[in-house]
Amino acid sequence: MCAAVSAGGGRAAARRLGRAGGASQVHGTAGIPRRSRRRKSVAIAYESGQGDGAEQGISEPQRPRWEPKDWRQQLERIREMRRSRDAPVDEMGVEKCYDSSAPPQVMRYQVLLSLMLSSQTKDQVTSAAMLRLRQHGLTVDSILQMDDVTLGQIIYPVGFWRNKVKYIKQTTAILKQKYGGDIPRTVEELVQLPGVGPKMAHLAMNIAWDSVSGIAVDTHVHRITNRLKWVKKETKYPEETRVALEDWLPRDLWREINWLLVGFGQQTCLPVNPRCNECLNQDICPAAKRR
């Protein structure tokens, strides 16, 4: 139905490495006995732990960065379980919902609308609603010309469809007036649009603009990363989870992690009665139900 965006598109930003400057040599004074100089150097090296290190140009060793136990092994096993790419997100997710033959500006608009429809809605329902919209000609102008009743009939039964009719109309009008019919290209501007949250904004940046701005955390990513203890302490909200993940997860994995965990959550790590017996991580998952 629609072409998916390549998971390898775009390059993660390079990390900058700081280098400590070389220590300067201290030359002795001619009138000071050698033993006195030696005692002084020992005092500086071993007795300056009370905050004197910075004054003497001695940098304290950095603490190892926190990361979850076994996370690399868990990630590789999830990749293995997702190798067949046959979850609902793979066949009917947002990356499959836009018209790949449409002009780029129209495609980006369709990506944003599919994200707005997908909130609190199964991929199958979102995909069907997007297909019906596209059959009516899914552009900024066509939505602005469509009355609310017709729009509601087309997108029903997506979750909270009445609210989404209102948000789609309001957002589309803003895009027409402020962005010339295109969508914003920053997360800060995207989340200002009615009905667009952080998860949608980061996915829109990824799919529509091929830019990795952050980790898109939905209910699956939130649930699974808490079960795996990929957060330092338990988080209650997806946005809290996003901040916790971005603090340690290598940036070159940010693009992949949403797709990977959403499908894993749809097929194996279910919200209720997860299929732990089928999971390759059963022996190293903190939340696994072992029998």
Side-chain angles (χ1 to χ4, degrees), residues 2 5 92-99 102-123 125-222 236-243 258 262:
C2 307
V5 173
M92 292 167 283
V94 169
E95 291 181 320
K96 297 283 187 178
C97 288
Y98 62 87
D99 182 1
Q105 183 169 303
V106 175
M107 284 195 294
R108 289 191 288 268
Y109 175 66
Q110 292 183 2
V111 167
L112 183 62
L113 251 63
S114 64
L115 287 167
M116 295 175 71
L117 292 175
S118 70
S119 176
Q120 307 278 326
T121 305
K122 292 184 179 296
D123 287 331
V125 177
T126 301
S127 177
M130 281 296 295
L131 179 59
R132 292 191 297 270
L133 280 171
R134 286 173 51 193
Q135 289 171 344
H136 284 74
L138 183 50
T139 65
V140 166
D141 290 334
S142 68
I143 292 297
L144 289 176
Q145 294 167 8
M146 188 179 296
D147 62 81
D148 290 5
V149 173
T150 301
L151 180 56
Q153 291 172 343
I154 294 174
I155 68 172
Y156 179 85
V158 299
F160 303 99
W161 64 272
R162 290 184 178 86
N163 287 336
K164 289 177 182 178
V165 167
K166 178 178 65 176
Y167 294 147
I168 288 172
K169 280 303 196 72
Q170 291 174 345
T171 288
T172 304
I174 293 172
L175 298 182
K176 177 75 171 181
Q177 296 166 7
K178 190 173 180 180
Y179 299 97
D182 210 337
I183 72 172
R185 59 187 314 152
T186 67
V187 170
E188 291 75 17
E189 291 176 294
L190 282 164
V191 295
Q192 295 300 315
L193 299 172
V196 178
K199 180 205 76 172
M200 300 179 205
H202 289 299
L203 281 174
M205 291 296 297
N206 183 359
I207 301 170
W209 292 114
D210 193 24
S211 173
V212 180
S213 57
I215 300 173
V217 177
D218 70 346
T219 180
H220 295 292
V221 178
H222 173 68
K236 295 183 178 180
Y237 307 104
E239 185 63 5
E240 187 182 358
T241 303
R242 179 188 67 80
V243 174
N258 176 269
V262 168

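As the structure is a computational prediction, the values presented were derived from the model and not from experiment. Numbers here simply count residues along the sequence, with the first being 1.
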Nearest heavy-atom pair of A204 and L190: which atoms, and what distance?
-> CB-CD1, 4.1 Å

At their closest point, which heavy atom of A216 faces which heavy atom of V221, and how far apart are they?
-> O-CG2, 3.9 Å

Taking Q110 for the side chain and D99 for the main chain, is one N or O donor matched with an acceptor at less than 3.5 Å?
-> yes

Would you indicate whether the side-chain heavy atoms of L133 and S142 approach each other to under 4.5 Å?
-> no

Within the distance-only criterion (no hydrogens, no angle test), does the side chain of T121 pair as donor or acceptor with the backbone N or O of G159 below 3.5 angstrom?
-> yes

First locate atom CE of M130, then atom OH of Y98, and finally report the distance between them rounded to the nearest 0.5 Å.
-> 11.0 Å

Walk me through it: do N258 and I215 pass the test side-chain contact (heavy atoms from CB on, under 4.5 Å)?
-> CA-CA 7 Å; N258 176 269; I215 300 173; 5.7 Å; no

With side chains defined as the heavy atoms from C-beta onward, is the minimum distance between L115 and V196 less than 4.5 Å?
-> no

Can you list every ring-ring contact (aromatic ring centres under 6.0 Å, His included) pair that touches residues 148-194, not counting sequence neighbours?
-> Y156-W161

Which value, rounded to the nearest 0.5 Å, describes the distance between L113 atom CG and I183 atom CD1?
-> 10.0 Å

Non-hydrogen atoms of A129 and L117 that approach each other most closely | CB-CD1, 4.3 Å

Do L112 and T171 have side chains that get closer than 4.5 Å, going by heavy atoms?
-> yes

Please tell me if the side chains of K169 and D148 come closer than 4.5 Å, counting only heavy atoms from C-beta onward.
-> yes

Counterpart residues, side chain to side chain donor-acceptor pair (under 3.5 Å), relative to T186 (two or more places apart) = E189

Step by step, work out the side-chain contact (heavy atoms from CB on, under 4.5 Å) result for K164 and S119.
-> CA-CA 9 Å; K164 289 177 182 178; S119 176; 4.1 Å; yes

To the nearest 0.5 Å, what is the distance between CD1 (I207) and CZ (R108)?
-> 13.5 Å

How long is the span from the CG atom in D182 to the CE atom in M107, to the nearest 0.5 Å?
-> 10.5 Å

If you take all heavy atoms of V187 and S213, which pair is closest and at what distance?
-> CG2-OG, 3.3 Å

Locate the shortest heavy-atom distance separating Q170 from P194; write the atom from each residue and the value.
-> OE1-CB, 3.4 Å

If you measure from OG on S114 to CD on E95, what distance do you get to the nearest 0.5 Å?
-> 9.5 Å

If you look at every heavy atom in E239 and P198, which pair is closest and at what distance?
-> OE1-CB, 3.3 Å

If we only count heavy atoms from C-beta on, is the L175 to L193 side-chain gap below 4.5 Å?
-> yes

Rounded to the nearest 0.5 angstrom, the CG-OG distance for L203 and S118 is 7.5 Å

Between the side chain of K199 and the main-chain N/O of T219, is any donor-acceptor distance below 3.5 Å?
-> no

Heavy-atom check, side chain of I154 versus side chain of M146, under 4.5 Å = yes

Quick one: do D141 and K176 make a salt bridge, cutoff under 4.0 Å?
-> yes

Taking the side chain as C-beta and beyond, is there a heavy-atom pair between Y109 and T172 under 4.5 Å?
-> yes

Are side-chain heavy atoms of I168 and L151 found at a separation under 4.5 Å?
-> yes

